Amino acid sequence: MRILCVAEKNDAAKNIAAQLSNGSARNEAGPSKYNRLYKFYSMFEGHQADFVMTSVSGHMQNYEFPIQYKSWSSTPPDALFDAPLVKNVTKDMVKVKQNLEQQSRTHSVLIIWTDCDREGENIGAEVRDVCLRANRNLRVLRARFSEITQTAVRRAMANLVPLNVLIAEAVDARQELDLRIGASFTRLQSLFLQNRFPTLVDRLVSFGSCQFPTLGFVVERWRAIAEFQPEKFWKIEVHHNRGGMNTIFTWSCVRLFSERAAAAIFEEIEESGRAKVTHLESKPKSKWRPFPLETVELEKKARMLGLTAKDIMKIAEKLYTTGFISYPRTETNIFPKSLDLKPMVEAQQRDPRFGAFATEILQNGIDPRNGRKTDEAHPPIHPLKEGSGLVGAEAKVYEFIARRFLACLSRDAQGFETTCKLEIAEEEFSAKGLLISDRGYLEVYPYDKWSDKTLPQYQFNEEFTITNAEFIESTTTAPLLLSEPDLIGLMDKILKTHSRKTIRTVSLGIGLVSAYEDLSIPLANHLLRSGLERDLVKIENGEKQRDAVVRAQVNAYREAYKKAEENLNRFGAVIAQSMGVARQNDRPFELPRNPADDAVARCPRCQSPMVVKTIPNGSVCVSCTGYPECRTSGFLPNGGRMIARLRACNCSAGFYVVRWSFEPGSVPSHMTGEYEGCLGCDETLKEVIRISIREGDAARNNRRGGGPPPGPGPGRGGGNQRGKKRKSDHDSGPGGSGGAAVNCGCNKPAKKLTTRKDGPNKDRDFYVCSDFPKVCNYFQWADEVQPGSGGADGSRNPPKKTNNPRNNPGPSSSAAAAGNVQCECGKNALSLTVRKDGPNQGRPFFKCPDSGFIRKYSGSILKAICSFKI
DNA sequence: GCAAGGTC
C-alpha cells in the first residue's frame, strides 16, 4: 500500500513525517524547490505501508477574470460583478502542482494534512482536485489535528475523516466575492479619480472588502482626533502625611469644567483644612488569573513583547510547525475536558525559569480558569514541550505562551484593599491601599501588574488636619485610542505600499470614506463585512448555499456600485474637498462601455471583442480589448471599418486576416474597396494597408465602376484586380528593374533588387520597399512584377517573415484560365466554383484544398492569398 | 494595473 500525505507547507510536512516515522523519514527533492518529499514506512489500517509526505505552499490556485475582461479601458467595471471567473494555478505553483500529480500516479491513498482551519480545508480541496485529476482511483482522506505532536498526529492518523466540502466552499465564496468587489470598485475609483485629479494619473486607488471597512474605522478615529476641541478643567487633590507616608486623596467629583466653581470649593477646603474619616473599609480583593490564550489575545500582547501582531503570529506559526505549541489560530478560551493538561505541565517542570511553579501547580492540582468561547475546532494555545533551548523572538513568544498557560492553571492573586473616604468642607475625597497576601499566578506571569500600595492607619470618624490641598488645572486630551504609529502603520497598510503606483495620501483615504458616506453608501461600515462572515458560517453549517450567498452579496455591492457611478460628480467633489484641491480638470469622464456594443470582431487569439478607436493623430486603430495580455491590434486608414474576420493566419504572432471595407463618403471614393488584411502587429498591418491603397487604382476603379461604390458593394472586384490592371501609375522612384520604376504597394519606391542566395527560391530576384525593414517589409518577386506597373500591387505579397514553402511559385493570374492553379502551399487549388450569392454572385473562384473558405477569385493571383495559410 | 488568503 502506498500512501501520499500532503501538508499545507513544507515545515509541517517535515514535522508530521518526523512524528509518524519516529524521526526516520528520508528527505528527498522533488520538482518544487521548497516542497520536499519525506519518505518512510508506517502503519495504515493495520498494515505496513509506504508513505510519502509532501506539501504545497498555501493555495495553488487563484480566481481570475478571463482575458476579455482584463482590459480596464474596454470593460465596464460593473461587468465584473457577473463576469465568468476562472481558477488558475498561479505561476509560482506550477511545480508544486506537478509534484502532486507525479506522486498521485504512484499512490492509492491520499491523506490531506493541511492546517485544520477554513483556508486549510480549501487548500485541501485544491490538493484533492489536482491529485484526483492525475489519478482518479485515489482514496481521499483528511487528517484532523491541532498540534504536531506524536500523540496528536497518531490520533489524527487513526481517525481519518472525509474532507469538509462545505468549509471549502465557504472559502471559495469569499474568494469570488473579494475579487469581484475589489476589482469592480478599484477600477471605478481608479479610472474616475485618475481622470479628475492630475496627481492621481497612473495611480491605483484600490478597494478591498476587508481593507475599506478598516480604512473607515481609522478615518473615524482620525476625525475624532482632528475635530477634538481640548477643554480646560480643574480638580482638587488633598495630601496627607502620616508616619512618613504621603497619601493622595482624590476628589469624588473628579473634576469641574468651571474654574470659578472649582476655585470656590478649593478655597473652602484650604480654609477649613480639617478632614473627617467618613468611611473605612478593608475587604479581600483578588486579581483573577487570565483566561486560556486565544489568537486575538496573543496578537494584543504583541506590542508588550515588542512585536507587531503580524510578527507574533508568524513566530507562533513557526512554533506550531516545530511542535512547541498547539495550533495558534483559535477562538477558544476553554480547555476541553478531554484534553489532558498534566503532561504539558510536567514538560514545563524542566524549564529553569518556571519549572518550580509548574511543580507547584501539579502539587496543588490543575485548575484552569475558563472563558466561554469555543470555536469547536482548536483548544486554546498552549505549549506542548519544553522550550528552554529556543532563542530570540521565538524564545520570547514561547515564554509568554508557557507562562500564560501556567498562569491560567494556577490560582488568582489575593490581597486586601482598604478604602478610606474623607469629608472636607462637605466635599468627599478618597484613597485606596492594597496589601497583597498571595501573589498567586503573578509569580509566573510578570506581564500583569498589581502592586502593593500601602495606606497608613486611619480610624473611622477620626479627624485630622490635611497637609495641603492642590488646585490643578488640566485639559482634556484627544481620544487617541490608536497610537500615532499605529494609525500611520494601519493607514500605510490599508493604502497598500506594495506598488509604486499606489497612493499613500491620508487625505485621499479620508476623502474616499467621506465620499461614500456622503452618498449614504455603507461600504466603510464593518457590518457589511461581518454580514459576509456570518454568511460564510452558514455555508459551513449547510444553512445556505454557496451560490446563493455569492449572488446576494454581489447584488448588495452592485447596488452600492450603481449609486456611486450615478453620482460620480458629487463623489469627486467630496474627495476634492478632502484633498484640498480645487478640481483641476473638468475633462468629461466616461466609463468604459460594454465591448460587445462596440465590437467589430472577435480577437482570434483570445476571443475578446475588438473595437475601433480613433487615436489622437487621427489614425483609426482596431485593437483587442484583451489588452495588455493580448496585444493584437492594428491601424486602419481613415474611416476604415472592419466588417468581418475571415480566418487566422499562421504567422508566429498568431495574426489574423480580416476583410474590411471603407465607409462610403467617409473617405475618398478611390479608397473604396475590399481586401483582406492581417491585423497582427502594427508593422504587418501597415504593410497590408499600404499595398491596398493606391490612387491610381482608385481612379481606375471609379472609371470602371462608374462612381463610388456603396461600401461592401459592387466596387469590390476592382480591389482584387487592381494589381493586374495597374499599368500607368505615375509613381516613379529610384531602383526598379529593367528601367521601369517599381513601386511598393505602400506607394513608395521599391528598391532593386537582391537575389535570393539560398532556399527554395534560390537565384530569384526580388524588390523590397525603400522603407524596408522598418515600416514596410513587403517585398515582391521581380519576375511577378507587371512590366511598367507600380510593382508590388494590390496582390497580397507575402510578408517577408512568412516561412511558407515556395517550392512552386505557381502560375500567376494567367494560370487561372488554364485551370491548373496551384496554391502557394504547393497543393493544387480546387477549381472552380461559382459564387452563388452575395455581391460576388456569378464570379468563379478557386479554393485551396486546405481551406474551407474562398481563397481568391479566379481573376486574381491565388498565390498571394495563400501566404496566409491556415 | 483590480482582493484577500495561504505561503518561501
Side-chain angles (χ1 to χ4, degrees), chain A residues 6-14 32-36 55-67 69-81 83 85 87 89-93 95-96 114-127 167-168 170-194 200-215 310 313-314 317-318 320-321 329 493-496 498-503 523 529 532-533 536 550 553-554 557 561 592 626-629:
Chain A
V6 182
E8 186 162 322
K9 43 188 171 279
N10 182 62
D11 245 10
K14 184 166 90 187
S32 168
K33 195 165 131 196
Y34 301 109
N35 306 91
R36 312 278 301 179
S55 57
V56 289
S57 296
H59 288 288
M60 278 183 285
Q61 294 175 302
N62 206 359
Y63 269 128
E64 266 183 90
F65 292 109
I67 196 157
Y69 290 89
K70 289 201 173 174
S71 160
W72 286 44
S73 59
S74 57
T75 310
D78 61 346
L80 303 175
F81 286 123
L85 284 183
K87 219 173 204 188
V89 174
T90 49
K91 220 173 104 223
D92 299 348
M93 298 297 153
K95 290 196 163 156
V96 174
T114 49
D115 292 354
C116 292
D117 55 14
R118 242 190 216 165
E119 294 298 326
E121 215 64 21
N122 186 276
I123 293 166
E126 289 184 38
V127 170
I167 297 177
V171 171
D172 218 59
R174 185 208 36 83
Q175 290 174 339
E176 178 171 345
L177 286 166
D178 282 341
L179 179 60
R180 290 192 189 283
I181 296 160
S184 51
F185 278 94
T186 299
R187 286 192 194 179
L188 175 70
Q189 284 182 177
S190 300
L191 289 173
F192 174 67
L193 297 173
Q194 286 165 6
L200 298 179
V201 168
D202 283 344
R203 304 287 189 117
L204 194 65
V205 188
S206 77
F207 179 97
S209 51
C210 200
Q211 173 206 115
F212 200 73
T214 311
L215 177 64
K310 204 177 155 192
M313 285 314 294
K314 214 168 161 184
E317 195 75 40
K318 172 94 181 168
Y320 159 67
T321 49
R329 294 185 194 280
K493 190 181 152 203
I494 291 160
L495 298 171
K496 291 268 180 111
H498 68 263
S499 158
R500 274 185 298 118
K501 287 186 169 183
T502 303
I503 32 93
L523 289 178
R529 177 76 188 185
L532 168 61
E533 292 294 330
L536 294 186
V550 170
Q553 291 284 334
V554 159
Y557 279 93
Y561 175 96
Y627 184 89
E629 276 75 9

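Numbers restart at 1 for each chain; the letters A, B, ... are given by sequence-line order, proteins then strands. Computed over heavy atoms, backbone and side chain alike; hydrogens, waters and symmetry mates excluded. Since we're looking at a predicted model, the values are computed, not measured.
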Would you kindly give the [atom1]-to-[atom2] distance between [X] and [N], to the nearest whole Å?
X	N	atom1	atom2	value
A/Glu119	B/dA4	CD	P	13 Å
A/Met93	B/dG6	CE	C1'	8 Å
A/Leu193	B/dC2	CG	C1'	14 Å
A/Lys318	B/dT7	NZ	C1'	13 Å
A/Arg174	B/dA3	CZ	C1'	9 Å
A/Tyr320	B/dG6	OH	P	13 Å
A/Gln61	B/dA3	CD	C1'	17 Å
A/Leu177	B/dA3	CG	P	15 Å

For A/Asp117 and A/Glu64, find the nucleotide of DNA chain B closest to each by heavy atoms; which residue's nucleotide sits nearer the 5' end? A/Glu64
Closer to the 5' end of DNA chain B via nearest nucleotide, is it A/Leu80 or A/Val96?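 First, find each residue's nearest nucleotide; the 5'-ward one identifies A/Leu80.
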Kindly point out which of [options] is positioned nearest to the side chain of [X]?
X	options	value
A/His59	B/dT7, B/dG6, B/dC8	B/dG6
A/Cys210	B/dC2, B/dT7, B/dA4	B/dA4
A/Glu8	B/dT7, B/dC8, B/dG1	B/dT7
A/Gln194	B/dG1, B/dC2, B/dA3	B/dG1
A/Ser206	B/dC8, B/dG6, B/dC2	B/dC2

When we call it a touch if two heavy atoms are under 4.0 Å apart, what does [X] touch: a base, just sugar-phosphate, or nothing?
X	value
A/Gln175	base
A/Phe65	base
A/Asp115	sugar-phosphate
A/Ser57	base
A/Arg329	nothing

So, using side chain to side chain contact (heavy atoms under 4.5 Å, CB included) as the criterion, who are the partners of A/Asn35 when residues are at least two apart? A/Ser32, A/Thr54, A/Ser55, A/Ser57, A/Val96, A/Asn99
For the salt bridge (Lys or Arg N to Asp or Glu O under 4.0 Å) test, which of A/Arg180, A/Lys91, A/Lys70 pairs with A/Glu64? A/Lys70
ring-ring contact (aromatic ring centres under 6.0 Å, His included) partners for A/Phe207, two or more places apart: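 Listed in chain order: A/Phe185, A/Phe212.
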Of A/Pro592, A/Pro77, A/Ser190, the residue whose pairing with A/Trp72 passes side-chain contact (heavy atoms from CB on, under 4.5 Å):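 Among A/Pro592, A/Pro77, A/Ser190, the one meeting side-chain contact (heavy atoms from CB on, under 4.5 Å) with A/Trp72 is A/Ser190.
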Should we count NZ of A/Lys9 as having more than 12 external heavy atoms under 6.0 Å? yes
Are there more than 12 heavy atoms of other residues, nucleotides or ligands under 6.0 Å from atom NZ of A/Lys87?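 Buried by this count: over 12 neighbours within 6.0 Å.
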With the criterion set at under 5.5 Å between ring centres and under 30 degrees between planes, would B/dA3 be stacked on A/Phe207? no
Under 4.0 Å from OP1 or OP2 of B/dC2: is there any side-chain N or O of A/Ser184 that close?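 For B/dC2, OP1/OP2 do not have a side-chain N/O of A/Ser184 under 4.0 Å.
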